[in-house]
2 protein chains.
Amino acid sequence: MTTIKDVAKYAEVSVATVSRVLNDRGYASAEARRRVLDAIEKLNYQPNSVARSLYHKTSGMIGLFMPDITNPFFPELARAVEDVALESGYTVVFCNTDEEEAKEKRYFDALKQKYVDGIILTASSQSASDYAQWDMPIVALDRVIGKHIPTVASDNKNGARQATIHLAERGCSFIAHLKGPAGVRPADDRAAGFEEVIEEKGLRSVVVQTNFSIKQAEKETMKLLADHPDIDGIFAASDVTAAGAMQALAQSGRSVPGDVKVIGFDGIPLCNMLVPSLTTVQQSIYQMGEKAAQLLIQQIEHGESESCEHIFPVSLIIRETT
Amino acid sequence: MTTIKDVAKYAEVSVATVSRVLNDRGYASAEARRRVLDAIEKLNYQPNSVARSLYHKTSGMIGLFMPDITNPFFPELARAVEDVALESGYTVVFCNTDEEEAKEKRYFDALKQKYVDGIILTASSQSASDYAQWDMPIVALDRVIGKHIPTVASDNKNGARQATIHLAERGCSFIAHLKGPAGVRPADDRAAGFEEVIEEKGLRSVVVQTNFSIKQAEKETMKLLADHPDIDGIFAASDVTAAGAMQALAQSGRSVPGDVKVIGFDGIPLCNMLVPSLTTVQQSIYQMGEKAAQLLIQQIEHGESESCEHIFPVSLIIRETT
DNA sequence: CTCCGATCTGTAACCGGTTACACACATAGT
DNA sequence: ACTATGTGTGTAACCGGTTACAGATCGGAG
């Protein structure tokens with residue numbers, strides 16, 4: 001690999017001059033500049049970013065912490081982050097945390113040692129204080145983790161309200177909510193929005209907890225249908241969960257939307273792949289990822305810790321399941 | 001941040017001694033070792049990996065190049081790579097290439113400057129020579145790119161044969177193949193396998209090209225059904241493509257598997273979410289990712305360039321669409 | 001003609017580690 | 001007593017950049 005010394009020698013100047021030309025800082029005569037540029041060209045020189053990192057305590061990398069890329073909600077988010085990062089010259093380090101704080105901490109330590117410039121975090125822990133002491137630019141994505149950490153998320157509660165109201169308007173009178181994992185903020189918010197509307201409208205309801213896996217959703221729905229055969233609406237906490245519910249419904253001989261209406265949450269591509277296609281509450285997934293990356297980079301480059309919450313509106317997309 | 005000098009001062013030894021204790025190399029008296037370990041503990045010292053990188057020309061990072069994480073085939077692959085990497089102390093840098101060689105090259109340059117240790121590549125270019133001159137440990141994943149580059153892939157041709165034979169055995173006599181993009185190796189291999197069986201059995205067939213997007217698959221299938229109303233079997237080059245076909249079939253009033261039987265390829269979780277659930281050719285996705293990461297790390301650490309192809313068998317998973 | 005600031009350039013220190021090498025000391029073998 | 005050999009330790013060079021600082025040159029003002 002050619003180094004700055006090689007370039008200096010070839011151009012017959014000092015390394016300082018090469019560095020100045022390279023970074024366009026300080027003085028350099030037209031003649032020197034010409035010779036340096038020529039040498040760089042000739043030797044096909046590319047500055048070593050590790051050496052740069054060492055001096056600047058900066059790496060041009062950002063960490064992306066997500067529970068599990070295998071969950072279909074996350075790839076689009078990751079994609080958006082990566083697109084923005086690339087555009088701004090950053091590189092994305094990819095970390096599946098499996099909702100485990102230990103794994104998160106381990107990654108954080110590793111990245112800190114590499115001078116990672118900042119982190120986008122779909123957090124596992126509830127306690128914002130843990131992250132506050134990380135002492136690094138952070139943006140929370142999808143999950144609110146504290147007032148003093150910039151956050152990008154959807155208006156989950158309102159989305160849940162819209163979904164529930166929609167089912168009610170379509171004539172459902174006994175609605176089940178397949179709730180997401182307890183302790184995961186968006187799941188709790190969606191459940192809260194659901195309960196609110198149920199109470200306002202005085203409807204019958206039942207809530208069961210699931211994780212976000214399709215198999216479990218199917219199983220829980222089967223049980224639900226056995227216990228409450230007269231359910232006529234299901235609000236699933238995610239599209240994947242809704243898909244599980246639909247399988248259970250098909251299996252138990254119920255028609256959708258004839259016997260039971262179903263609505264999901266997220267707006268992932270899956271919705272359009274299902275037959276019948278799934279009504280859902282659409283999140284602006286890509287835009288959220290974009291925004292999170294932009295906020296982080298801004299924070300890194302301008303130190304602005306715009307410590308605010310960016311709550312994205314959601315929109316009801318009515319398809320065939322209602 | 002505390003540095004090795006701080007530790008040395010606190011422990012009243014030289015930095016060399018600290019380094020020796022840290023890396024367990026060379027001599028260090030029990031007394032010195034005790035003091036250093038104590039100092040590390042007290043000061044909560046963590047060695048700076050950038051400085052290490054600079055000296056060793058190594059970074060503990062591997063690049064993962066994929067066309068688009070948004071394509072549901074890739075997240076599981078990425079997940080597997082990340083799991084193995086983490087276990088071996090590596091960090092994964094994530095790069096969506098969009099099948100563009102320019103983007104690939106750009107990423108490669110950026111990573112090389114960071115002393116990335118190796119790359120797992122779902123290649124865009126056909127020309128293996130381009131990659132050979134990259135002069136870095138590389139493993140090709142999902143797509144064969146040349147004899148001298150270790151490769152992990154599925155037995156696509158055989159899988160396509162199995163799929164086609166299965167359709168024939170189920171009584172299909174006029175089978176359409178929704179082929180993947182031209183120039184993408186697995187797509188070509190699958191098409192070849194399909195053609196072989198068609199010829200052997202003397203069946204009627206038609207092949208149309210699609211990209212891997214669901215919308216386009218749907219559109220192409222509609223056109224196909226209009227041109228050839230008597231098609232009774234569809235072999236889709238991917239599960240997503242199959243989902244698109246199923247939508248078109250539903251839309252045109254045909255029943256699956258009654259009127260038309262459908263088989264996909266990949267074995268992504270989507271298959272189980274569809275109603276009816278999708279028969280497919282299952283790839284060992286996670287295992288492939290795992291193997292690729294293992295091969296790469298082996299190559300990095302032991303220099304073994306086991307330049308062979310690891311072709312994973314595929315298996316026919318029969319579900320409701322056939 | 002002198003002085004001043006602007007322009008230009010190179011030397012060397014620094015970022016935070018690793019390690020070659022020199023030196024000190026102990027123990028053992030002859 | 002006199003090497004050898006094995007231990008233990010510190011100094012300084014090195015990885016490949018960046019930049020503070022000092023010295024040189026030059027044009028223009030006084």
Side-chain angles (χ1 to χ4, degrees), chain A residues 1-40 43-61 89 91 109-117, chain B residues 1-40 43-61 89 91 109-117:
Chain A
M1 218 176 138
T2 72
T3 74
I4 199 172
K5 278 181 201 156
D6 301 324
V7 175
K9 194 173 294 173
Y10 189 96
E12 298 182 298
V13 297
S14 72
V15 293
T17 300
V18 176
S19 182
R20 280 188 210 106
V21 171
L22 229 59
N23 302 303
D24 224 7
R25 210 188 311 284
Y27 297 109
S29 65
E31 168 65 11
R33 166 167 278 106
R34 220 207 70 245
R35 290 230 299 276
V36 168
L37 261 19
D38 183 60
I40 288 173
L43 302 178
N44 188 26
Y45 168 72
Q46 292 183 315
N48 179 319
S49 36
V50 174
R52 271 193 165 139
S53 281
L54 183 57
Y55 188 90
H56 285 125
K57 300 182 192 303
T58 265
S59 66
M61 302 192 299
T91 275
D109 286 341
L111 296 196
K112 188 164 192 172
Q113 289 173 41
K114 291 192 198 304
Y115 285 145
V116 161
D117 297 332
Chain B
M1 221 176 137
T2 71
T3 74
I4 199 172
K5 279 181 200 156
D6 301 325
V7 175
K9 194 173 294 175
Y10 189 97
E12 297 180 301
V13 296
S14 73
V15 293
T17 300
V18 177
S19 182
R20 279 187 211 107
V21 171
L22 229 59
N23 303 303
D24 225 5
R25 209 188 313 281
Y27 297 109
S29 65
E31 167 65 10
R33 165 168 277 104
R34 219 208 69 247
R35 289 230 299 275
V36 167
L37 262 20
D38 184 61
I40 287 173
L43 302 178
N44 188 28
Y45 168 71
Q46 292 183 315
N48 179 320
S49 36
V50 174
R52 270 193 166 139
S53 282
L54 183 57
Y55 188 90
H56 284 123
K57 299 181 194 303
T58 265
S59 65
M61 302 192 298
T91 276
D109 286 340
L111 296 195
K112 188 163 193 174
Q113 288 174 41
K114 291 191 197 304
Y115 285 145
V116 161
D117 297 332

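Naming: A, B, ... by sequence-line order, numbering from 1 per chain. Bear in mind the structure is a predicted one, so any value in this text is a computation, not a measurement.
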(request) State, to 0.1 Å, how close B:Thr2 and B:Leu43 come at their nearest heavy-atom pair, and which atoms those are. (result) CG2-O, 3.6 Å

(request) Grab the CD-P distance between A:Gln46 and D:dG17 for me, whole Å please. (result) 11 Å

(request) Please list, by residue number, the residues of residues 52-60 of chain B whose heavy atoms come closer than 4.0 Å to an atom of DNA chain D; answer none if no residue qualifies. (result) B:Leu54, B:Tyr55, B:Lys57

(message) Ignoring hydrogens, what is the shortest heavy-atom contact between A:Ala8 and A:Ser14? Give both atom names and the distance.
(response) CB-C, 3.8 Å

(message) Using OP1 and OP2 only, check whether a side-chain N or O of B:Tyr45 sits under 4.0 Å from C:dG17.
(response) yes

(message) Please determine whether the number of non-hydrogen atoms from other residues, nucleotides or ligands lying under 6.0 Å from atom NZ of A:Lys112 exceeds 12.
(response) yes

(message) If I compare all heavy atoms of A:Arg33 with all of A:Asp24, which pair ends up nearest, and what's the gap?
(response) NH2-OD1, 3.2 Å

(message) What is the separation between atom NZ on B:Lys5 and atom P on D:dG10, rounded to the nearest whole Å?
(response) 15 Å

(request) Report the residues that fulfil side chain to side chain donor-acceptor pair (under 3.5 Å) with A:Asp38, sequence neighbours left out, ordered by chain and then residue number. (result) A:Lys42

(message) Side-chain N or O of A:Ser14 versus OP1/OP2 of C:dG10: is the shortest distance under 4.0 Å?
(response) yes

Return the polar atom pairs (N/O with N/O) between nucleotides 24-26 of chain D and the protein under 3.5 Å, or none.
none

(request) Take the protein atom NZ of A:Lys114 and the nucleotide atom P of C:dG17, then report the distance between them rounded to whole Å. (result) 14 Å

(request) Assign A:Val50 to base, sugar-phosphate, or nothing according to its heavy-atom contacts below 4.0 angstrom with the strands shown. (result) nothing

(request) Within residues 18-29 of chain A, find the residues that approach DNA chain C with a heavy atom at under 4.0 Å, and present them sorted by residue number. (result) A:Arg20, A:Tyr27, A:Ala28, A:Ser29

(message) Please find the pair of heavy atoms, one from A:Ile4 and one from A:Val18, that lie closest to each other, and give the distance.
(response) CG1-CG1, 3.5 Å

(message) Of the options D:dG16, C:dG17, D:dT19, whose atoms approach the side-chain atoms of B:Tyr115 most closely?
(response) D:dG16

(request) Consider the side chain of A:Val15, meaning its heavy atoms from C-beta on, and name the nucleotide among C:dA12, C:dG17, C:dT18 that approaches it most closely. (result) C:dA12

(message) Closer than 3.5 angstrom, by distance alone: can the side chain of B:Thr58 be matched with the main-chain N or O of B:Ser53 as a donor-acceptor pair?
(response) no

(request) Mind calculating the distance between CD (A:Glu12) and C1' (C:dG10) to the nearest angstrom? (result) 15 Å

(request) Check the distance between C:dC8's C1' and A:Arg35's CZ and give it to me in whole angstrom. (result) 13 Å

(request) Can you sort out the partners of A:Asp109 under side chain to side chain donor-acceptor pair (under 3.5 Å), two or more places apart, ordered by chain and number? (result) A:Lys105

(message) Can you give me the closest heavy-atom contact between A:Arg52 and A:Asn23, atom names plus distance?
(response) NH2-OD1, 3.0 Å

(message) Treating A:Ser59 as the side-chain partner and A:Tyr115 as the backbone partner, does any N or O pair qualify as donor plus acceptor under 3.5 Å?
(response) yes

(message) If I take atom CE in residue B:Met1 and atom P in nucleotide C:dG16, what distance separates them, rounded to the nearest angstrom?
(response) 8 Å

(request) Only counting residues at least two apart or in another chain, list the ones meeting salt bridge (charged side-chain N to carboxylate O under 4.0 Å, His left out) with B:Arg35. (result) B:Glu31

(message) Between C1' on C:dG16 and CG on A:Asn48, what's the gap in Å once rounded to a whole number?
(response) 15 Å

(message) Quick check: closest heavy atoms across A:Thr91 and B:Lys114, and the distance to 0.1 Å?
(response) OG1-CE, 3.9 Å

